[in-house]
Amino acid sequence: QVQLVESGGGLVQAGGSLRLSCTSSGRSFSGNAMAWFRQNPGKEREFVAVISWNGVSAVHADSVKGRFTSSRDSAANTVYLQMNSLKSEDAAVYYCARCRTPWQSTWGRYAPAQGELEYWGQGTQVTVSS
């Protein structure tokens, strides 16, 4: 059983920063790529970032590129999403997900597909005030 738990969300002013964390209770995800998605009510879940099993490779959505950074600490079994220069349009519930594989070369062009994701966290709310 794998349970992913996100934390670090909250209320921040536009231009501010937050760091989200995702940790696993249960099995380690050290051999898996990990992804971040976000979602607003009534909208589809949107890809944010994916980081390889060893943290060497990462891809970020164009909408967050240059502002968000993914990292991971395998010893702590935790992945992070550092979010800087936050905008109102970044407000959403953020989810982490464990990928089925360590990495896929296709993620340089396409976001991980639903079938490539196997576990999801419950989400953490990020609110950005203008």
Has [X] got a side-chain atom pairing as donor or acceptor with [Y]'s backbone, closer than 3.5 angstrom?
| X | Y | result |
| --- | --- | --- |
| Gln3 | Ser25 | no |
| His60 | Ser70 | yes |
| Asn32 | Trp53 | no |

Min side-chain heavy-atom separation [X]-[Y] under 4.5 Å:
| X | Y | result |
| --- | --- | --- |
| Gln125 | Leu11 | no |
| Val50 | Trp36 | no |
| Val126 | Val93 | no |

Shortest non-hydrogen separation from [X] to [Y] and the atoms involved:
| X | Y | value |
| --- | --- | --- |
| Ser24 | Asn77 | CB-ND2, 3.4 Å |
| Val79 | Met34 | CG1-CG, 3.7 Å |
| Leu117 | Ala97 | CD2-CB, 4.1 Å |

Notebook entry, point to check: At what distance, to the nearest 0.5 angstrom, does CG of Leu20 lie from OG1 of Thr124?
Noted result: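 Reported to 0.5 Å precision, the distance equals 6.0 Å.
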
Would you please name every residue forming a side-chain contact (heavy atoms from CB on, under 4.5 Å) with [X], sequence neighbours left out?
| X | result |
| --- | --- |
| Ala61 | Phe47, Ser63, Val64 |
| Ala76 | Asp73, Thr78 |
| Ser57 | Ser52, Trp103 |

Just list the side-chain donor-acceptor pairs under 3.5 Å for residues 104-113, sequence neighbours left out, or say none.
residue: Gln104; atom: NE2; partner: Thr101; partner atom: OG1; Å: 3.3
residue: Trp107; atom: NE1; partner: Glu116; partner atom: OE1; Å: 3.0

Next item on the list: Could I get the full list of side chain to side chain donor-acceptor pair (under 3.5 Å) partners for Ser71, not counting sequence neighbours?
Entry: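 Here no residue qualifies.
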
Margin query: Once side chain to side chain donor-acceptor pair (under 3.5 Å) is applied, do any residues pair with Arg19, and if so which ones, sequence neighbours excluded?
Written below: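 For Arg19 there are no side chain to side chain donor-acceptor pair (under 3.5 Å) partners, ignoring immediate neighbours.
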
Next item on the list: Test side-chain contact (heavy atoms from CB on, under 4.5 Å) on Glu6 and Thr23 and set out the steps.
Entry: CA-CA 7 Å; Glu6 302 95 337; Thr23 189; over 6 Å; no

Item checked: Sequence neighbours excluded - ring-ring contact (aromatic ring centres under 6.0 Å, His included) pairs with any residue from residues 6-27 ->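 Residue pairs passing ring-ring contact (aromatic ring centres under 6.0 Å, His included), neighbours aside: none found.
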
Item checked: Where at least one partner belongs to residues 40-54, residue pairs that pass salt bridge (Lys or Arg N to Asp or Glu O under 4.0 Å), sequence neighbours excluded ->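 As it turns out, the salt bridge (Lys or Arg N to Asp or Glu O under 4.0 Å) pairs with a partner in residues 40-54, which skip direct neighbours, are Arg38-Glu46.
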
Margin query: Quick test of your reading: applying salt bridge (Lys or Arg N to Asp or Glu O under 4.0 Å), list the pairs with at least one residue in residues 118-128, sequence neighbours left out, ordered by first then second residue.
Written below: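 For residues 118-128: Arg98-Glu118, Arg100-Glu118.
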
Margin query: Give me each pair satisfying disulfide (SG to SG under 2.5 Å) with a member in residues 87-130, each pair once, sequence neighbours excluded.
Written below: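 Only Cys22-Cys96 qualify under disulfide (SG to SG under 2.5 Å).
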
Margin query: Going by disulfide (SG to SG under 2.5 Å), name the pairs with one or both residues in residues 26-55, residues two or more places apart or in two chains.
Written below: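 Every candidate disulfide (SG to SG under 2.5 Å) pair involving residues 26-55 fails, so no pair, neighbours aside, qualifies.
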
Next item on the list: Could you point out which residue of Trp120, Tyr95, Tyr94 forms a ring-ring contact (aromatic ring centres under 6.0 Å, His included) with Phe37?
Entry: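 Going through Trp120, Tyr95, Tyr94 one by one, the ring-ring contact (aromatic ring centres under 6.0 Å, His included) with Phe37 is satisfied by Trp120 alone.
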
Item checked: Hydrophobic cluster identity match, Val48 and Tyr119, side-chain contacts under 4.5 Å ->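 Yes, one cluster joins them.
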
Check: Can you get from Ile51 to Val59 by hopping between Ile, Leu, Val, Met, Phe, Trp and Tyr side chains that sit under 4.5 Å apart?
Finding: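 No, Ile51 does not connect to Val59 through the hydrophobic network.
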
Identify all side-chain donor-acceptor contacts of residues 80-87 below 3.5 Å with residues at least two apart in sequence or on another chain.
residue: Gln82; atom: NE2; partner: Asn84; partner atom: OD1; Å: 2.9
residue: Asn84; atom: OD1; partner: Ser17; partner atom: OG; Å: 2.9

